[in-house]
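For reference, the structure is listed below as structure tokens.
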Amino acid sequence: MLDIPSENFGIYTYIHLLDTCIQSKSLVEGKKIHEHILKNKTHITKTILLDKLTCMYLACGEIDLARSVFDQIPRRNVILWNSMIRGYAWKGPLDQAIGVYYEMLDLGIKPNKFTFPFVLKACSGLKALEIGREIHSYVKRSGLESDVYVCTALVDFYAKCGCLVEAKNLFDQMPQRDVVAWNAMIAGSSLHGFYEDTVQLVFNMQSSGTSPNTSTLVAVLPTIGQAKALSQGKNIHGYSVRKMVFEDVMVATALLDMYGKCGSLDYARRIFDTTSLKNEVTWSAMIGAYVLYDHMREGVETFDQMILDGTVSITPATLGTVLRACSKLADMSKGRQIHGYSIKRGSIVDIMMGNSLLAMYSKGGILDDAFRLFDEMDTKDTVSYSAMISGCVQNGNAKDALDTFRGMQASGINADTATMVGILPACAHLNALQHGRCNHAYLTVRGFASNTSICNALIDMYSKCGRIDFAREVFNRMPKRDIVSWNAIIAGYGIHGRGGEALLLFHNLLNDDPKPDYVTFICLLSACSHSGLIAEGKHWFHVMPQDFNIVPRMEHYICMVDLLGRGGLLDEAYNFILKMPFEPDVRVWGAMLSACRIHENIKMGEEVSKNVQRLGPEGTGNFVLLSNIYSAGGRWDDAANVRIVQKEQGFKKSPGCSWVEITGTVHAFVGGDRSHPLSMKIYEKLDELSVEMKKLGYQADIGFVLQDVEVEEKERSLLYHSEKLAVAFGILSLCPSKPIVVTKNLRICGDCHSAIKLISKITKRAISVRDASRFHHFSDGTCNCEDFW
DNA sequence: ATAGGGTTAG
């Protein structure tokens with residue numbers, strides 16, 4: 001600590017002392033010297049001293065103190081103005097940098113080539129395009145456009161603001177381009193996701209004799225990850241190894257992130273393990289990679305290691321990523337833990353963090369908690385409201401979604417595209433045509449009505465609300481249609497049983513721009529199925545791979561089995577399944593089974609039923625598989641992804657599995673499961689409930705079991721379905737006031753649906769079942785899905 | 001270099 005005597009110093013002594021503070025960034029000493037100067041009054045008005053004090057505060061990052069000294073100086077030179085602008089451009093508030101710049105111009109001080117890079121940096125940060133352009137024209141008038149530094153700053157500004165053409169023009173005009181100029185151009189292009197352009201720029205940079213440096217690599221890698229361009233990413237990796245820059249944390253983290261985004265988790269992990277100097281971003285990127293590709297267990301484990309490691313701080317970004325894992329896993333107790341932790345650390349004020357929590361609670365079906373947090377949040381933005389709205393919709397709670405939307409409008413927060421795309425399915429779900437039309441009007445007023453995603457949601461809403469004519473009108477008027485638009489309208493005609501029009505539209509699509517994708521064929525085939533257009537369906541299924549290069553997926557086979565089976569061609573459907581190039585899953589057999597039921601073919605039904613039983617939903621299930629199911633957890637929300645993951649891990653079957661969380665532990669069951677320690681009690685409970693249910697007129701719908709066994713045996717196998725076991729265990733384990741939330745990986749079975757309605761009445765408990773497609777909230781004998789799912 | 005809400009089918 002500096003010991004300052006109280007006598008008066010000469011001015012150069014002060015200056016010398018202040019320089020020392022600037023070098024060592026010692027704010028405490030600097031302040032003492034400032035006080036000393038104020039006390040002695042001798043030099044208080046000396047500009048040179050005030051200049052130094054300003055610089056001292058700037059060096060210590062005390063921008064407000066710097067400003068107060070700066071404002072007292074009567075005549076300030078351009079260097080000091082530049083320092084002040086630089087201070088704001090680095091520490092913010094950015095608009096102050098621009099303010100000081102204009103103040104300087106107003107006072108007639110002429111900016112120099114050092115001024116522009118700082119003020120332009122502020123413009124980039126604020127995306128203040130017009131101000132930036134004005135500054136650009138001033139630069140031209142001052143004849144500084146050819147200065148490398150100024151021009152690079154302009155390139156950077158235009159590129160960051162997304163005006164890549166202007167950036168490129170300036171860049172091309174530069175008399176010489178150093179690595180910083182190249183990096184500005186590359187970073188801007190990468191930032192806006194222009195993968196090909198970015199890679200081309202790097203190539204050109206090398207051909208022109210400038211070697212990429214670490215900043216180049218760090219700028220390029222995110223676009224590569226976004227484009228999932230793994231082989232290009234490997235090239236960069238190789239380059240960084242050759243140039244020995246892989247030991248740079250930023251480069252290592254960017255490489256890790258790139259591999260993660262490409263799904264190469266092993267490579268990502270290898271980089272993670274070999275990077276000795278990990279910071280919090282490195283850890284976050286690793287966790288994020290796991291979560292992105294549904295490796296929740298590894299993600300959560302890595303987070304636990306991060307805490308144990310203790311060398312880096314836990315940021316809201318990390319917590320947000322872990323929350324997404326909890327959300328995907330439906331692991332609310334872990335999520336709550338993170339919630340508590342973030343309150344303790346004060347991270348909860350971070351709005352993204354709050355929004356992640358909202359999304360987790362609402363997607364997890366705990367709307368009460370979501371709303372409680374939502375009410376507590378001091379600042380709510382569009383995303384907060386959107387998360388609540390779509391959360392309500394996903395829980396089948398469309399009414400609350402609409403109420404929340406009204407609240408949003410009342411509090412003056414503007415809805416954006418995502419909000420509207422979230423609210424429209426609520427109208428579809430409620431069959432709330434009036435609301436839907438109202439929202440449509442609102443969208444028109446707000447100027448959203450021509451947005452492609454919005455129109456897609458409108459098409460879906462109108463067709464689900466029974467107004468395919470309105471849906472078509474929206475479709476016709478769209479300025480730009482993407483493949484989702486076409487799929488939505490084709491599906492719309494399909495569910496309205498107007499297969500002919502669906503086919504006609506499909507033909508129109510073939511003459512138009514977007515190429516059909518695999519969903520198009522699902523929509524088309526199901527439209528054919530709903531309208532009995534068997535020949536047409538068969539035709540398109542067969543030409544799909546050769547003419548459209550689309551490999552039939554499980555979903556297409558389900559549609560085909562449905563098409564043939566519904567049409568009464570049971571033998572053909574059965575043989576079709578047998579000839580499938582991969583093993584049919586339970587949904588294929590399920591479609592077959594329902595065809596057998598429609599056409600009352602008991603014999604084939606029995607045969608098919610064996611396959612349904614074997615594969616789930618209520619198969620005997622083996623426990624290796626089971627442990628994998630719940631360690632990987634809540635895969636219910638992305639059925640397609642589940643199959644990819646399962647294939648990777650070498651599993652082919654997908655048995656029905658239900659789980660319930662009791663004080664932080666997940667208890668999972670498959671049908672007929674007797675492995676649980678409390679198995680005896682669970683079965684007793686179910687038998688007891690079964691007696692009560694029968695009193696209320698319950699009859700097991702043995703149509704769901706087409707096995708050749710005695711009626712009583714059929715009833716029993718239904719009674720021990722996984723969702724019933726989980727519900728019974730919930731009843732036994734949770735106090736009566738607590739709602740029971742069961743999650744099932746497949747769709748809930750029809751018999752279980754009727755049974756749980758009665759169980760909710762008998763036990764007077766709220767029971768929720770989240771199945772593969774939606775929530776079922778049971779209470780007092782009814783379900784909020786109104787038996788339609 | 002890491003982080004939040006969204007539409008198409010069955």
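Here the structure is a predicted model, which is why all the values come from computation and not from measurement. Chain letters run A, B, ... following the sequence lines, proteins first, then strands; residues in each count from 1.
Nearest to the side chain of A:Val519, among B:dT8, B:dT2, B:dA1, sits B:dT8. Among the nucleotides B:dA9, B:dT2, B:dG4, the one closest to any side-chain atom of A:Arg324 is B:dG4. The side chain of A:Thr419 lies closest to B:dG5 when the candidates are B:dA3, B:dG5, B:dG6. Among the nucleotides B:dT2, B:dG6, B:dA1, the one closest to any side-chain atom of A:Ala254 is B:dA1. The side chain of A:Val484 approaches B:dT7 more closely than any other nucleotide in the set B:dG5, B:dG4, B:dT7. Side chain of A:Met352, nearest nucleotide from B:dA3, B:dG5, B:dT2: B:dA3. The side chain of A:Asn355 lies closest to B:dG4 when the candidates are B:dA3, B:dG4, B:dA9. For A:Ile522, whose side chain is taken as the heavy atoms from C-beta onward, the closest listed nucleotide among B:dT7, B:dT2, B:dA9 is B:dA9. When distances are taken from the side chain of A:Thr321 to each of B:dA3, B:dG6, B:dA9, the shortest belongs to B:dA3. For A:Thr315, counting side-chain heavy atoms from C-beta on, the closest listed nucleotide (B:dT2, B:dG4, B:dA9) is B:dT2.
At whole-Å resolution of the value, CG in A:Asn487 and P in B:dA9 are 8 Å apart. Straight-line distance from the CG atom of A:Leu292 to the P atom of B:dA3: 9 Å, rounded to whole Å. Note: CD1 (A:Ile287) to P (B:dA1) measures 19 Å, nearest angstrom. In this structure, A:Asp416 places its CG atom 13 Å from P of B:dT7, rounding to the nearest Å. Atom NZ of A:Lys380 and atom C1' of B:dG5 are 15 Å apart (whole Å). Per the geometry, CD1 belonging to A:Ile489 stands 11 Å off P belonging to B:dA9, to the nearest Å. What separates NZ of A:Lys261 from P of B:dA1 is a distance of 11 Å, to the nearest Å. Separating the OH atom of A:Tyr493 from the P atom of B:dT8 is a distance of 18 Å, rounded to the nearest angstrom.
A salt bridge between A:Glu376 and A:Arg372 is absent, with no side-chain N of the basic residue lying under 4.0 Å from a carboxylate O of the acidic one. The pair A:Asp369-A:Arg336 counts as a salt bridge, with a side-chain nitrogen and a carboxylate oxygen less than 4.0 angstrom apart. Contact check on A:Asp400 versus A:Arg406 returns no salt bridge, with no Lys/Arg side-chain nitrogen under 4.0 Å from an Asp/Glu carboxylate oxygen.
The side chain of A:Ser386 contributes no N or O atom lying less than 4.0 Å from OP1 or OP2 of B:dG6.
A donor N or O paired with an acceptor N or O is not found under 3.5 Å between the base of B:dG10 and the side-chain atoms of A:Asp562.
Residues A:Arg481 and A:Asn476 approach most closely at NH2-O, 3.0 Å, considering heavy atoms.
Between the side chain of A:Thr321 and the backbone N or O of A:Ala317 there is at least one donor-acceptor pair closer than 3.5 Å.
In this structure, A:Ser390 reaches the sugar-phosphate backbone alone: every heavy-atom distance under 4.0 Å involves primed, P, OP1 or OP2 atoms, never a base. When heavy atoms are screened at a 4.0 angstrom cut-off, A:Thr282 is found touching no nucleic acid atom at all. At a threshold of 4.0 angstrom between heavy atoms, the contacts of A:Thr520 with the nucleic acid are absent. Residue contacts shown for A:Asp517 are absent, as no nucleic acid heavy atom lies under 4.0 Å away. Here A:His556 lies out of heavy-atom contact (under 4.0 Å) with every strand.
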Check: side chain to side chain donor-acceptor pair (under 3.5 Å) between A:Asn355 and A:Asp381: does it pass, once the steps are laid out?
Finding: CA-CA 9 Å; A:Asn355 291 343; A:Asp381 65 3; 3.2 Å; yes
